[in-house]
Amino acid sequence: MQQGYTILAASCASLLLVGGCLGTRQLAEAPPQFPPVYAHQIYAFEVRDADGVPIVHPFLGGFNIPRPQLVDIDGDGDLDLFLQELTGRLKHFENIGSSIQPAFRWRSDQYLGLDIGEWYRFVDLDSDGDLDLLGELPYSHLRLFRNDGTPAAPAFTTVFDSLRTANGELLFADSQNIPSLVDIDCDGLLDLFVGRLDGTVYRFESVGDDENGLPRFQLIDERFEDIEIVAQIATQHGANALTFHDVDDDGDLDLFWGDFFEPGVLLIRNTGTCEAPNLRNEPEPFPQENPVSTSGYNATLFADINGDTKADFFVGVLGGAFQPNTTTVENFYFLESTQDGFQLQTEQFLSQIDVGAESIPTFADLDGDGDQDLLLANKIDQRDFETARIYHYENRSGPEGVLLQLVGTLPLYGYHSFAPAFADLDSDGDLDMMTGTWNSDVRYYRNDGTAAAYDFVELSEHTVDLTRGSYSKPALVDIDADGDYDLFIGESSGELNFYRNVGDPSQPQFALISDNFDDIDVGRLSAPSFTDLDGDGDQDMVLGREAGAALLYLNVGTPEAPLFAPQGTLNADLPYYSAPAFVDIDGDGLVDLFSGGMGGGLMFYQRIP
């Protein structure tokens, strides 16, 4: 299914050495404002996959555990997309196409600022014709965001009290489980179903509202229909996601179950009627003709996405007991309803840059053509758990605009959590590479090729070992303006290691000066990057970290004698496991910001003049 639309990119006429393109926009002449201001851009310029196909949503940041729902939130007759990837945050994609040919456009990473906790469900809870929103209220209670607007203009009121039973007790749902609300027995009253970690299901039924307008529910059954899901692995139960849908068009609702210990989706057919449901039937894999099989814990939904009156099938893979590393890229399945049953169309319903998990970007002119290519590393390969990968996106920008295209991966093997840094360390005119790894060392690769055709050869004798910690992340920078590259290394503890180059421009030799540079500690997973943010001619420092928001250190010294002063967090909403990289990608004279993150994708932030 095509989800395309035109993405306008900045035009450019020639390429800058620092990695952008000189376009029709006027270059910045005055020093840029400080602290810098960055705007997150999803569709800033074109990126293509290895087949040359444009990536529709390039800078979303990647998905690892997407929980989708399709609803018409704006009353325009087509389905909009909501998706939860992180605790408390709900992404919103507006359907700017139609009910027959959808085209989704990102609008927000946190819909209307609402904190939904660990899960969410849109449902008309008060029967007023618009969609309300349920979410998780810490800890494991049910929060209602009541829609006091209209079907076309929702306005949610946060109700801080949890939903309660008829006698006033707080309703409880394990935060790992995603409940469902439907009218199971066609009596006009909503039923609430809460899957439990032991594989059974609670059923509650609405008994009306309290004096505050909050619906109350009565516990009807602690073992609904005697359902008890037992996993394929021994007799284990686990986190689950429930969905009801009339899949066989017989007028009653069937139950779909995704379990942590189940690689597929289980269907429990309703062989009763709408008024008298009967789900006392053996679970069966779904779809019957070609069952879904993933890493487990599958959140499902049904929606007619193409206007043919038949509900299509979607699966968000949350990653269960069956190697979740295999589904950190392909984890949003779309199966179209056809005459031959449900047919898989894609495992990545929203196309984006996504290399798995814990991505780390850097920019370097790897092919010697005068512009900066993107190198994007990950934690582990999806199909070969013996190694991580570094993906090479070639910069093919020209007069028509900025363009990056995936051309392959670097020929490195045998280490996890690559974190590359590039510089001409031996002054032979080509770029050498140092890369961090999962364990404590930084590997050195000399380029024995040319500036236009790299040939990286590992020199184990030049490996740099940390005194402690892991997840090393190197940055090469001439911090003392003596003509050679010095080495900073971030690592798991959140501290920063500094190695001065005591060799010369053609013979690097890194000597440890401090394994706790300036007593800096960012918490966990420090990721250093250097650039001149205030335009004063020296290198400022930005440190990514596990918590996301990167820390900014202004160099108030000189190019020869740096002195870093903390400036708080960088003005950009970076993802968890942030890994910043700076480059003027659009040639406007301002250094833009990219970041990897936990989701395995890439975030782009354009610097505002």
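- Under the 6.0 Å cut-off for aromatic ring centres, F488 and F530 qualify, their centroids lying closer than that.
- Evaluated for a side-chain contact (heavy atoms from CB on, under 4.5 Å) with M541, the options L533, I520, T531 yield exactly one hit, I520.
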- Is there a side chain to side chain contact (heavy atoms under 4.5 Å, CB included) between Y38 and L570 once you walk through the steps? CA-CA 9 Å; Y38 293 96; L570 194 66; 4.1 Å; yes
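- Under the rule for a side-chain contact (heavy atoms from CB on, under 4.5 Å), the partners of L466 that lie at least two apart in sequence or sit in another chain are S440, S472, I489, E491, N497, Y499.
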- Query: After noting the C-alpha distance and the side-chain angles of F45 and I585, does the key distance pass the side chain to side chain contact (heavy atoms under 4.5 Å, CB included) rule?
  - Reply: CA-CA 10 Å; F45 55 84; I585 197 66; 4.0 Å; yes
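- Counted by atom type alone, T450 and D430 present zero donor-acceptor pairs between their side chains at under 3.5 Å.
- No option in F363, F582, F594 other than F594 meets the ring-ring contact (aromatic ring centres under 6.0 Å, His included) test with F604.
- R146 and D132 are not joined by a salt bridge, as no carboxylate oxygen comes within less than 4.0 angstrom of a charged side-chain nitrogen.
- Ion pairing between a basic and an acidic side chain is recognised when a charged N comes within 4.0 Å of a carboxylate O; D381 and R389 show such pairing.
- S417 and E358 share no side-chain donor-acceptor pair at under 3.5 Å.
- Aromatic ring orientation, Y111 versus H92: perpendicular (interplanar angle above 60°, classes split at 30° and 60°).
- The six-membered or imidazole ring of F145 lies away from that of F156, with a centre-to-centre distance of 6.0 Å or more.
- Taking the six-membered ring for Trp, F517 and F498 have ring centres closer than 6.0 Å.
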- Query: Passes side chain to side chain donor-acceptor pair (under 3.5 Å), N378 versus S359? Steps please.
  - Reply: CA-CA 4 Å; N378 65 7; S359 52; over 6 Å; no
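- For F93 and F82, the ring centers sit 6.0 Å or farther from each other.
- If you take CG on N331 and CD on E85, they are separated by 7.5 Å, rounding to the nearest 0.5 Å.
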- Residue pair N516, S514: steps toward the side chain to side chain donor-acceptor pair (under 3.5 Å) verdict: CA-CA 5 Å; N516 185 16; S514 173; 6.0 Å; no
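- Applying the salt bridge (charged side-chain N to carboxylate O under 4.0 Å, His left out) rule to E118 yields no partners; only residues at least two apart in sequence or on another chain are considered.
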- Kindly indicate, with the supporting measurements, whether the criterion side chain to side chain contact (heavy atoms under 4.5 Å, CB included) is fulfilled by W438 and Y415. CA-CA 7 Å; W438 170 79; Y415 303 105; over 6 Å; no
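- A salt bridge links E94 to R107: one of the charged nitrogens lies within less than 4.0 Å of a carboxylate oxygen.
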- Item | From CA spacing to verdict: side chain to side chain contact (heavy atoms under 4.5 Å, CB included), T362, F422 | CA-CA 8 Å; T362 191; F422 295 87; 3.6 Å; yes
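- With respect to N95, the side-chain contact (heavy atoms from CB on, under 4.5 Å) criterion is satisfied by exactly one of D74, D78, I305: D78.
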